[in-house]
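What follows is a single structure, written as structure tokens, with notes after it.
If you read the sequence from its start, that first residue is 1, and numbering goes on from there.
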Amino acid sequence: MTVRSLHPPAPDRKAEAPSKGPLVRRLPRLLCSLLLVASAGATATGSASAADSEDARSVIPLDHVVPAPVSVRPAGDPYAIGSRTVIRVPDRSREARKAAEQLAGLLRPSTGLALPVTSRGGQDGIVLRLGGDRELGSEGYRLDSSRRSVTITARKAAGLFHGIQTLRQLLPASVEKGERQPGPWRVAGGTITDTPRFAYRGAMLDVSRHFFTVGQVKRYIDQMALYKINTFHLHLSDDQGWRIAIDSWPRLATYGGSTQVGGGPGGFYTKDDYREIVRYAADRQVEIVPEIDMPGHTNAALASYAELNCNGVAPPLYTGTEVGFSSLCVPKEITYDFVDDVVREVAAMTPGRYLHIGGDEAHSTSHEDYVAFMDRAQAAVAKYGKTVVGWHQLTGAKPVKGAVAQYWGTTGTEQEVVDAAKAGTRLVLSPANRIYLDMKYTKDTPLGLSWAGYVEVRQSYDWDPGAYIKDTPSSAILGVEAPLWSETLSTSDHIEFMAFPRLAGVAELGWSQAAALDWDSYRTRLAAQGPRWSALGIDFYRSPQVPWPAE
Ligand code: NGO
């Protein structure tokens, strides 16, 4: 099936034009653009030609990025990237140099410029600096742009990386293309100071219902990193497929990974594949959270090893989409040998802090068994030095100190979740009727599910994670994560059509301050991402709620 041919008609641009919104809402942006044009004119030396003012107008305003930055002060002339531009990095910082090389790698093909990376002193060009105010924290950055330079200052490499993502969005969308483009490559003058609201800003991909190759996974990591998402949760096991090699239980992958929904060939990641994903993500400041879903959602494991079943009989592999029918055998001791081995091997190849043990929809496990099992599974995670993450049903058992519960309900009112948050369990929010990326946008969306309703772009964006869980202060919220379940998805086009535009909104919910979350401002900034996605070959949903520019 090709998604492309099933797009709804493009929105009627006249009807959808910004003029639909009240003028007062558009004023800040209009004013900002006018100020930019005026300031460019005021500081221009010599006679300002018509071409100059045309260029000034074509500069992207500093506040026109996603996620919305904390503070933006437009001022002065734009910086023009040209044949004399160098990228300066501090001496002796491998990480800063890596960030600089990534930036050069992005800019060189489309600009056709040499853009050498150098650690020789100098203050012109694109300058990456390590340092700056303590308030920038581990992920924040400051971007200063003037006629002489664009300087990104951060205390850590993650901040430089995030600052570079902002810089990308301040350049024309064509900068994302792989072949030479005309330019000009101007960055509006002024200063952005920016830090994230939440530490955990995640995306999840279900590689179990349908398997996705390392290349497909990398492509998705690139896309999330552009929006400052810093956590990628891989749902590595489920009823339909076990996707990660485990040396001590080899049939999990070789047999349990040999099919998928609908009966395709499936697949699994070797340990080297997995390490490659971890490394690729780390280079983009993204931490991998591996999930082994237990005690339910385990048919692939139960099919691979008869001894894991209470009756000692292995069920057949499963290629349907029902949930809740499988369970590890809680009373058998071998179950905990299995859990220990799997957690040990997965933890050993995961440098990140977290290990997700699932715990959702254990409908074939008694409550007593569920609590007993989750106690032991959590202990195994602690034994191998990781922090437990579980779906929020974990709050109905006994979450260990420091555990993280991932909320996937639709109301934010479950008492167990509220009580656990009060007792110190941190929450990652993935409300299904807001940010489950596998929910259809509308009844006509050709892919996806609808058990949590239809989730159009505004529905996905227009809520505050800090105020979502009843009676719970925002300090209990570790962050947000957008899961993408793959019962109906099997290609990168499918992933992208469901993720975009909604993933950009989740990134903003995770990064931007509560006061900055505003649908009318957001939809305008989001619209500007459309041409960028097209340049990147991302097949996105052209929601009629967003005033996409003509391309
Ligand atoms: C539920 C279920 C998954 C499904 C998904 C589909 C959770 C945490 N468990 O979310 O198995 O794939 O819905 O939307």
Side-chain angles (χ1 to χ4, degrees), residues 196 198-212 214 216-225 227-238 241-244 268-269 273-282 284-294 297 342-343 346-347 349-361 377-378 381 386-394 403-409 425-432 434-439 465 477-487 489 495 498-499 502-503 506-507 509-511:
F198 293 110
Y200 188 117
R201 305 178 304 280
M204 186 208 87
L205 183 64
D206 169 10
V207 296
S208 181
R209 272 52 177 276
H210 280 97
F211 181 65
F212 295 93
V214 173
Q216 289 173 312
V217 165
K218 285 181 175 177
R219 185 172 159 88
Y220 197 38
I221 291 172
D222 279 335
Q223 293 164 0
M224 62 185 79
Y227 295 97
K228 305 184 176 74
I229 282 179
N230 66 356
T231 311
F232 181 39
H233 166 185
L234 272 171
H235 183 76
L236 290 167
S237 72
D238 212 303
W242 185 285
R243 307 298 180 202
I244 181 73
F268 65 90
Y269 306 121
D273 288 341
Y274 181 82
R275 289 191 195 99
E276 171 69 10
I277 292 170
V278 165
R279 191 196 56 73
Y280 191 85
R284 286 150 186 79
Q285 305 299 333
V286 172
E287 178 173 338
I288 299 291
V289 178
E291 179 187 353
I292 303 295
D293 201 349
M294 304 179 284
H297 290 277
V342 169
V343 169
V346 172
M349 55 183 161
T350 303
R353 292 160 282 184
Y354 304 109
L355 201 150
H356 200 309
I357 54 172
D360 57 321
E361 298 175 315
Q378 291 184 89
V381 173
K386 298 297 178 192
T387 296
V388 169
V389 188
W391 296 105
H392 75 258
Q393 281 71 22
L394 173 63
V404 176
Q406 183 170 5
Y407 181 79
W408 61 283
T425 297
R426 292 168 299 165
L427 302 178
V428 168
L429 301 184
S430 305
R434 298 285 188 178
I435 58 174
Y436 259 35
L437 301 180
D438 55 313
M439 290 302 124
I477 309 302
L478 186 59
V480 292
E481 180 183 297
L484 183 48
W485 300 95
S486 64
E487 287 94 332
L489 316 175
I495 292 176
M498 298 309 277
R502 290 180 293 196
L503 186 62
V506 177
L509 292 172
W511 180 280

Donor-acceptor under 3.5 Å (R243 side chain, S208 main chain): yes
Hey, does Q378 have a side-chain heavy atom less than 4.5 Å from the side chain of I357? yes
Partners of F212 by ring pair (Phe, Tyr, Trp, His ring centres under 6.0 Å), sequence neighbours excluded? none
Residues that F268 engages under ring pair (Phe, Tyr, Trp, His ring centres under 6.0 Å), provided they are two or more places apart: none
Just jot down the side-chain contact (heavy atoms from CB on, under 4.5 Å) partners of R209, sequence neighbours excluded, or say none. D206, D238, Q240, V261, H297, V323, W485, S486, E487
Check: P483 and W408 side chains under 4.5 Å, non-hydrogen atoms: no
Do the non-hydrogen side-chain atoms of L484 and M204 ever get within less than 4.5 Å of each other? no
So, taking the atom named CZ in R434 and the one named CG in L429, what distance separates them when rounded to the nearest 0.5 Å? 11.5 Å
Would T231 and Y354 count as a side chain to side chain donor-acceptor pair (under 3.5 Å) here? Give the steps. CA-CA 10 Å; T231 311; Y354 304 109; over 6 Å; no
How far does NE2 of H392 sit from OG1 of T425, to the nearest 0.5 angstrom? 12.5 Å
Which value, rounded to the nearest 0.5 Å, describes the distance between I292 atom CD1 and L236 atom CG? 5.0 Å
CD1 of I221 to CD of Q223, rounded to nearest 0.5 Å, is 10.5 Å
Please determine, by modelled atom types, if E481 and S430 share a side-chain donor-acceptor pair under 3.5 angstrom. no
Give me the atom names and distance for the closest heavy-atom approach of L478 to R426. CD1-NH1, 4.0 Å
According to the interplanar angle, ranging from 0 to 90°, do the rings of H356 and W391 count as parallel (below 30°), tilted (30 to 60°) or perpendicular (above 60°)? tilted
Taking all non-hydrogen atoms of both residues into account, name the closest pair between V480 and L509 and its distance. CG2-C, 4.5 Å
Test salt bridge (Lys or Arg N to Asp or Glu O under 4.0 Å) applied to R279 - qualifying residues, sequence neighbours left out: E276, D283
What heavy-atom pair brings I229 and A203 nearest, and what distance separates the two atoms? CG2-N, 4.0 Å
Contact between I277 and V214 at the side-chain level, heavy atoms closer than 4.5 Å - yes or no? yes
Quick one: pull up CD in Q406 and CG in L394 and give me the separation to the nearest 0.5 Å. 11.5 Å
Close side-chain approach of R201 and W511, heavy atoms under 4.5 Å: yes
Quick one: does Y227's side chain get under 4.5 Å of L503's, heavy atoms only? no
Just how far is it from atom CG of N230 to atom OH of Y200, taken to the nearest 0.5 Å? 9.0 Å
Does the side chain of L355 come within less than 4.5 Å of V289's, by heavy atoms? no
Quick one, V217 with Y269, criterion side-chain contact (heavy atoms from CB on, under 4.5 Å). Give me CA distance, side-chain angles, the key distance, then yes/no. CA-CA 11 Å; V217 165; Y269 306 121; 3.4 Å; yes
With sequence neighbours left out, what residues match A432 under side-chain contact (heavy atoms from CB on, under 4.5 Å)? T410, Y436, W451, A452
Any donor-acceptor pair under 3.5 Å linking the side-chain atoms of H233 with those of E291? yes
Close side-chain approach of P290 to H235, heavy-atom, < 4.5 Å: no
Please give me the minimum heavy-atom distance between M349 and V278, naming the atom from each residue. O-CG2, 4.0 Å
For R284, all residues meeting salt bridge (Lys or Arg N to Asp or Glu O under 4.0 Å), sequence neighbours excluded: D222
